[in-house]
Amino acid sequence: MTTSEISVLKNRLLQVTQPAERLLLLKTLAATAYELNDPEAEEIASEWVALSKQLNAIDALCNALRVLAEVRIQSMKITPDEESCVDELIALTLASSLFADLVHAWYLKSMYQLGRSELDEAIHSLHIAKEILDTQINDEDMRYSDLNLDILYQRTSILYRTGTDYADVLRLAIEGLEKSTAIKDIGRQSCFLQSLALITGKMQDFESSIGYINRFIDLEKSQNGHMNLLGAYRLKASMYEQLNDFAAAEKAYTAASEQAKLLNDVLSDFYVSSKKIPVLINDNRLEEAKILAIELLSLIDNKSVVKSEAEIYFYLADIAQRQNNPQEAVTILEKNKQLFLERDDKVLLQNITALLHSAYHQCGDDTNAYKALIEHQALTKNIYATEKSKEYAQLHTRFETKQKEAQLKQLQIDNLNSELRLLKSQMNPHFMFNAIGSVSNLMQSGRVDEAQDSLRKFSRLMRSTLEQSQGDEIVIEDEIDFLSNYLHLEKLILGDSFSFTITVDESIDIAYERIPSLILQPIVENALKHGLRTKQGEKKLNIAFTMEDNGEQTTMQILIEDNGIGRKASAELNKDRKQHQSFATKSIDDRIKIINTTAGFEKMKMETMDLMGDNLALGTKVQLSIIQG
C-alpha cells in the first residue's frame with residue numbers, strides 16, 4: 001500500500017461511525033501505517049486500542065496492543081511508561097490463555113529492554129518467552145517457528161554483544177540456521193549467517209567466517225540485497241586480511257566498492273577504497289597503492305565524503321619509506337603534522353612517530369630521529385597504560401583473593417548449584433503467572449489503577465531479582481523495596497486474608513547497612529508456601545530488622561515470623577511426596593556455608609523455631625544472625 005492509499009483510508013475513517021466497521025478499518029490502517037513508518041501510526045494504534053477496549057473485543061485488543069508496542073519500538077519510544085502497553089498485553093494474553101500472543105508480548109518486552117541497553121533483563125524476558133513456547137505452544141503451529149527463531153536470534157545477538165562464551169553463542173546461531181533452513185525462511189537464514197560470520201571471526205576461525213559469508217552472499221544475491229552485500233564483502237575482506245591473503249582481500253574490497261556504486265553510496269565507496277590502500281601496500285603493490293591514495297585525496301573536496309586525509313597521507317609516507325625515499329616520507333609527515341594532531345588518534349600518532357624515527361634516521365638526521373623516538377615511546381607507554389589499567393586492576397583483585405582460593409575451591413561447585421537453586425526459587429514461573437493473572441483480574445474488574453500499580457511492582461521485582469543475582473550484597477533499603485513488591489503480589493494471590501509488616505530498628509541505617517543478596521526471599525517464600533497458603537482464616541507475616549551490640553561485637557538480627565500451620569503439619573501434608581525437600585532452605589544453608597568459609601569464622605547463622613501455645617502450633621519463626629564488620 002502506498003502513502004496516497006493510506007491517505008484515502010484516513011479520510012474514510014473520518015466518515016465511518018459504526019463501531020464494528022471502524023474497528024476493522026483501524027486494524028488495516030494501523031498495520032499499514034506501521035509498515036510505512038507513518039508519523040500518525042502511534043495515534044492510530046492508540047485509537048484502535050481504545051475502541052477495542054470499548055467493544056470488549058479481546059482478539060482485536062491483543063492485536064492493537066501489539067501493533068502499538070511495535071510502533072513505539074520503531075520510533076524508539078522505549079521508556080518504561082511507553083512500555084506499559086506491553087505489560088497490559090502480557091496480562092491480557094495470559095488471562096485469555098492466548099499463549100502464542102503471550103510469547104510475542106514477552107518478545108516485544110525484550111525489545112524495549114534491549115533498546116534501553118538492559119541486556120540482562122532482555123535475556124530474562126526472552127527466557128520466559130522460550131519457556132512458554134516449550135510448554136504451551138503446539139509444535140505444528142506455524143507461528144511457533146517464527147517466534148522461536150526470532151527469540152533465538154535475539155538471544156544470540158545479545159549474548160554476542162555481552163561477550164559471553166562464544167562457543168555457546170555459536171551453538172545457538174548454528175541451531176537457528178538449521179531451523180530457518182528447514183522451513184526455507186530466507187530472511188532469517190541471512191540473519192543467522194551474518195551472526196555466524198561475526199562469531200567465528202571473533203573466535204579467530206577466519207576460514208569458517210569466510211565460508212559463512214560466502215553462503216550469505218549467495219543467499220543475498222538471489223534476493224538482490226545490495227546493501228547487505230556491501231557489508232558482507234567488507235567483512236570478507238577483513239577476514240582475508242587476518243589470513244594475510246592480500247590478493248583475496250583486495251578482490252573483496254573491489255566487490256564491496258562495486259556494490260557501493262550500484263547503491264550510489266559515495267561515502268561507502270570512499271571508505272572501502274581507502275581500506276584497499278594498506279592491503280596493496282602489504283601485498284607490495286606500492287605504485288598501485290600510491291595512485292589510489294592520490295586519487296582519493298582528490299575526492300576530499302567532495303563534501304559527500306568524510307575527510308580522511310590523515311590516514312591517506314600516512315599511507316603515502318609509508319609508501320615513500322618503502323620505496324627508499326625517506327626524505328619524501330619526512331616531508332609528507334611534517335607537512336601534515338597539524339592534521340594528524342587534530343585527529344587525536346593515539347594509535348595513528350604512534351605509527352607516524354615510528355615512521356618518522358625510521359625516516360629521519362635514514363636521512364642521517366639523528367637529532368630529529370631521537371625526538372621522534374622519544375615521542376613514539378611516550379605514546380606507546382600511554383597506550384599501553386590505558387589498555388592495561390583494567391588488567392592491572394583485575395590482577396590486583398585476584399592477588400588479594402588468592403589466599404582464600406584454597407578454601408573456596410572445594411565449594412565452587414556447591415556455590416554454583418546453590419546460586420542456581422536460589423535463582424530458580426526467585427524466578428518461580430508459577431508465582432509469576434499467578435501474579436500476572438491476578439493483575440489481569442484487576443483490570444477486567446475495572447480496577448485499572450490497582451492493576452497498573454501491581455504491574456509496576458512486578459516489573460521492579462523482576463529487575464531487582466536480576467540485579468541481586470549479579471552481586472553478593474544488597475543495601476537493606478533495596479531489600480525492603482524488593483520484599484514489599486514481592487509480598488504485594490503474593491497478597492493479590494492469597495487475598496485480603498493475608499497481611500504483612502516490615503519493621504526496622506531506628507539504629508539501622510537502611511541506606512548504608514548491607515546483607516547478602518538473594519537470602520531473605522526464599523525464607524519468606526517458605527513461610528508462605530508451607531505455613532500460610534494452606535491455613536484457614538487470617539494469615540500474617542512479620543519481618544523485623546534489629547541490631548544488637550554486646551560491647552565486643554555487633555550483630556544484625558533478622559526475624560521472619562508467620563502464624564501458619566507450623567512445620568509439623570506442613571510435613572504431614574507433604575509426607576506422600578517422594579524425596580520432598582525444601583530447596584529454599586537447602587540453598588540458604590549452602591549460601592551461609594560459603595559466607596562463613598570466606599569470612600574465616602561463623603559470620604552468619606540461621607535458626608528455625610516452632611511457635612507453640614497450649615500444645616498447638618501458632619506458626620514458625622526464622623532468625624538470621626549476621627555479625628557486622
Side-chain angles (χ1 to χ4, degrees), residues 1 3 5-75 77-109 111-112 132 143 147 433-459 489 492:
M1 188 174 288
T3 304
E5 288 173 320
I6 201 172
S7 296
V8 172
L9 283 177
K10 288 178 182 178
N11 289 330
R12 185 181 167 194
L13 184 66
L14 295 174
Q15 301 168 6
V16 173
T17 57
Q18 190 69 22
E21 185 181 353
R22 189 174 180 83
L23 189 67
L24 290 173
L25 186 56
L26 280 168
K27 176 182 178 180
T28 303
L29 190 54
T32 306
Y34 165 63
E35 290 176 5
L36 296 177
N37 201 13
D38 188 284
E40 296 180 40
E42 182 177 1
E43 182 182 344
I44 295 167
S46 296
E47 185 178 348
W48 185 17
V49 168
L51 184 56
S52 299
K53 288 180 179 179
Q54 181 183 331
L55 299 176
N56 196 27
I58 301 301
D59 288 341
L61 180 55
C62 286
N63 289 329
L65 287 168
R66 176 179 54 78
V67 172
L68 177 58
E70 290 173 340
V71 166
R72 287 175 174 174
I73 291 170
Q74 185 182 63
S75 305
K77 294 182 177 181
I78 51 174
T79 66
D81 285 342
E82 289 160 332
E83 186 186 342
S84 61
C85 58
V86 177
D87 293 325
E88 188 176 349
L89 180 60
I90 288 171
L92 179 64
T93 52
L94 180 61
S96 305
S97 298
L98 300 172
F99 292 111
D101 293 313
L102 178 59
V103 174
H104 203 146
W106 278 106
Y107 174 75
L108 288 171
K109 190 170 184 68
M111 298 300 290
Y112 275 89
I132 302 168
R143 290 178 297 179
L147 286 169
F433 288 158
N434 281 343
I436 297 177
S438 298
V439 172
S440 176
N441 290 336
L442 287 175
M443 294 182 67
Q444 289 180 352
S445 62
R447 297 156 67 184
V448 178
D449 290 341
E450 290 180 59
Q452 290 179 342
D453 180 59
S454 297
L455 276 175
R456 283 192 290 270
K457 286 182 167 60
F458 179 79
S459 178
L489 293 167
L492 288 181

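Here, residue 1 is the first one in the sequence, and each next residue gets the next number. This is a predicted model, so every value here is computed, not measured.
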List, one per line, each side-chain donor-acceptor pair under 3.5 Å for residues 55-65, sequence neighbours excluded.
unit_1	atom_1	unit_2	atom_2	d
Asn63	ND2	Asp59	O	3.4

Kindly determine whether Ser46 and Glu42 satisfy side chain to side chain contact (heavy atoms under 4.5 Å, CB included), including the steps that lead there.
-> CA-CA 6 Å; Ser46 296; Glu42 182 177 1; 4.2 Å; yes
Please report the C-alpha distance between Arg66 and Glu70 in whole Å, then the side-chain angles of each, then the deciding distance to 0.1 Å, and finally whether the side chain to side chain contact (heavy atoms under 4.5 Å, CB included) criterion is met.
-> CA-CA 6 Å; Arg66 176 179 54 78; Glu70 290 173 340; 3.4 Å; yes
With side chain to side chain contact (heavy atoms under 4.5 Å, CB included) as the test, would you mind laying out the steps for Arg12 and Glu21 before giving the verdict?
-> CA-CA 11 Å; Arg12 185 181 167 194; Glu21 185 181 353; 3.6 Å; yes
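Annotation: the span from Leu98 atom CG to Leu92 atom CG amounts to 7.0 Å, rounded to 0.5 Å. How far CD1 of Ile78 is from CE of Met111: 9.5 Å, rounded to the nearest 0.5 Å. Atom CD of Glu47 sits about 10.0 Å away from atom OG of Ser52, to the nearest 0.5 Å.
Between the side chain of Glu82 and the main chain of Thr79, a donor-acceptor pair closer than 3.5 Å is present. Judged purely by atom type and a 3.5 angstrom limit, Thr93 uses its side chain to pair as donor or acceptor with the backbone of Ile90.
Contact record, Arg22 with Val16: NH1-O, 2.9 Å, taken as the closest heavy-atom pair. Nearest approach of Leu29 to Leu13, heavy atoms of both residues: CD2-CD2, 3.8 Å.
For Lys77, the NZ atom is loosely surrounded, since the number of other residues' heavy atoms within 6.0 Å does not exceed 12.
Take Ala69 and apply the side chain to side chain contact (heavy atoms under 4.5 Å, CB included) test, not counting sequence neighbours, and it matches Cys85, Val86, Leu108, Tyr112.
Put simply, the side chain of Leu68 does not reach to within 4.5 Å of the side chain of Glu88, judged on heavy atoms.
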